[in-house]
Amino acid sequence: MTDALTSAQMRNIEQTAIDGGKVTGLELMDRAGKAVVKAIFETWPDLLNAPRRAGILAGPGNNGGDGFVIANRLRDYGWDVEVFHYGDIDKMPPDAKVNALAFANAGGVVSPIIPFEGRDMRFADPPTDVWIDAFFGIGLTRPLPEEVRAAFLSISYERNWQSNKLVAVDILSGIDADTGERLTEFPLKPDMTVTFHAPKIGHLEGEGADWCGQLIVKNIGL
Ligand SMILES: NC(=O)C1=CN([C@@H]2O[C@H](COP(=O)(O)OP(=O)(O)OC[C@H]3O[C@@H](n4cnc5c(N)ncnc54)[C@H](O)[C@@H]3O)[C@@H](O)[C@H]2O)[C@@H](O)CC1
Ligand SMILES: [K+]
């Protein structure tokens, strides 16, 4: 496994490729989102044999942008997809906004995130087959907002009753990518984390090493 990177090193690699005209941020986001979907079907091929339901937890930034790429891609596979958005599409960074608008303009359902005492997720009907954590990635700088932690609790509640998968985009939200410190704790371990280009320190050190599930590193052409 290649050496683990800090978030700053990763951002520098991305920016150098973008500044060098090798790739655009939008292309990188597209590759990242599609890499997550590819990893899902490689890991759980039976999900390919029937349209399923996915819940995408999307945040305010580019990690959320990856979430919207994934949402669009799964809709292409005929899946029933609902995005629970912590953020405002209009305030998202440009690359993320392009993908969020593509989803919304194609009729994709964007809902507010689920308050814990809200929808009883225990017996959601139809059950959600795959939850995608695209709240925060390597840009996390402080503990999660309480409503984001509550949204995770709703899903941990449901997971006690329904078998579903949780996939973390780039890193489980709440984990500091540079240290592996869990800035916010909730009882939800991902089945899989899909990260891009190289592992980050937060995947291998501290508690982060225990909160990845299966760690998949996908090349996004950097
Ligand atoms: N060109 C790029 O920048 C690419 C970025 N990618 C994705 O973008 C992610 C990084 O995106 P961002 O830098 O936008 O950061 P995030 O999407 O991780 O976080 C979004 C924003 O939330 C704010 N924030 C941080 N901690 C918070 C907290 N606790 N509560 C509320 N708000 C908080 C910060 O302003 C941060 O910019 C990567 O993890 C990866 O998933 C990939 O698509 C590859 C290409
Ligand atoms: K994430």
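Both ligands and their constituent atoms are indexed starting at 1 by order of listing.
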State whether the side chain of [X] and the backbone N or O of [Y] hold a donor-acceptor pair below 3.5 Å, judged by distance alone.
{"X": "R75", "Y": "A106", "answer": "yes"}
{"X": "D191", "Y": "L166", "answer": "yes"}
{"X": "D95", "Y": "G65", "answer": "no"}
{"X": "D30", "Y": "L26", "answer": "no"}
{"X": "K200", "Y": "A198", "answer": "yes"}

Can you report which non-hydrogen protein atom sits closest to [atom], along with the distance?
{"atom": "atom 9 (C) of ligand 1", "value": "N63 N, 3.6 Å"}
{"atom": "atom 33 (C) of ligand 1", "value": "F136 CE2, 3.4 Å"}
{"atom": "atom 8 (O) of ligand 1", "value": "N62 CB, 3.0 Å"}
{"atom": "atom 18 (O) of ligand 1", "value": "G137 N, 2.6 Å"}
{"atom": "atom 13 (O) of ligand 1", "value": "R11 NH1, 3.9 Å"}
{"atom": "atom 1 (N) of ligand 1", "value": "G25 CA, 3.9 Å"}
{"atom": "atom 26 (N) of ligand 1", "value": "T141 N, 3.1 Å"}

### Query
Looking only at heavy atoms of P60, does any of them come nearer than 4.0 Å to an atom of ligand 1?
yes

### Query
Which ligand 1 atoms does L140 reach within 4.0 Å, using its non-hydrogen atoms?
18 (O), 25 (C), 26 (N), 29 (N)

### Query
Just which atoms of ligand 1 are under 4.0 Å from any heavy atom in P143?
28 (C), 29 (N)

### Query
Run the salt bridge (charged side-chain N to carboxylate O under 4.0 Å, His left out) check on R149 and E146 step by step: do they pass?
CA-CA 5 Å; R149 195 181 71 86; E146 180 46 32; 3.1 Å; yes

Heteroatom proximity flag, [X] to ligand 1, N/O under 3.5 Å:
{"X": "D95", "result": "no"}
{"X": "I138", "result": "yes"}
{"X": "D66", "result": "yes"}
{"X": "F135", "result": "no"}

### Message
Please compare G139, A168, G65 and report which has the shortest non-hydrogen distance to atom 25 (C) of ligand 1.
### Response
G139

### Task
From atom 39 (O) of ligand 1, work out which of D170, I220, T24, V194 has a heavy atom at the shortest distance.
D170

#### Entry: For K22, all residues meeting salt bridge (charged side-chain N to carboxylate O under 4.0 Å, His left out), sequence neighbours excluded
none

### Query
Will you find, in the side chains of D178 and T6, an N or O donor that is under 3.5 Å from an N or O acceptor?
no

#### Entry: Flag for N164-T128: side-chain donor and acceptor within less than 3.5 Å
no

### Query
With hydrophobic residues grouped by side-chain heavy-atom distances under 4.5 Å, do M92 and F136 end up in a single group?
no

### Message
Tell me whether I56 shares a hydrophobic cluster with V194, the cluster being built from Ile, Leu, Val, Met, Phe, Trp, Tyr side chains joined at under 4.5 Å.
### Response
yes

Using a cut-off of strictly less than 3.4 Å, determine whether [X] has an N/O/S atom near the K ion (ligand 2).
{"X": "I171", "answer": "yes"}
{"X": "F136", "answer": "yes"}
{"X": "A134", "answer": "no"}
{"X": "D133", "answer": "yes"}

### Query
At under 4.0 Å between heavy atoms, which part of E14 makes contact with ligand 1: side chain, backbone, both or neither?
side chain

### Cation over ring face, R31 and F196, 6.0 Å, 45°
no

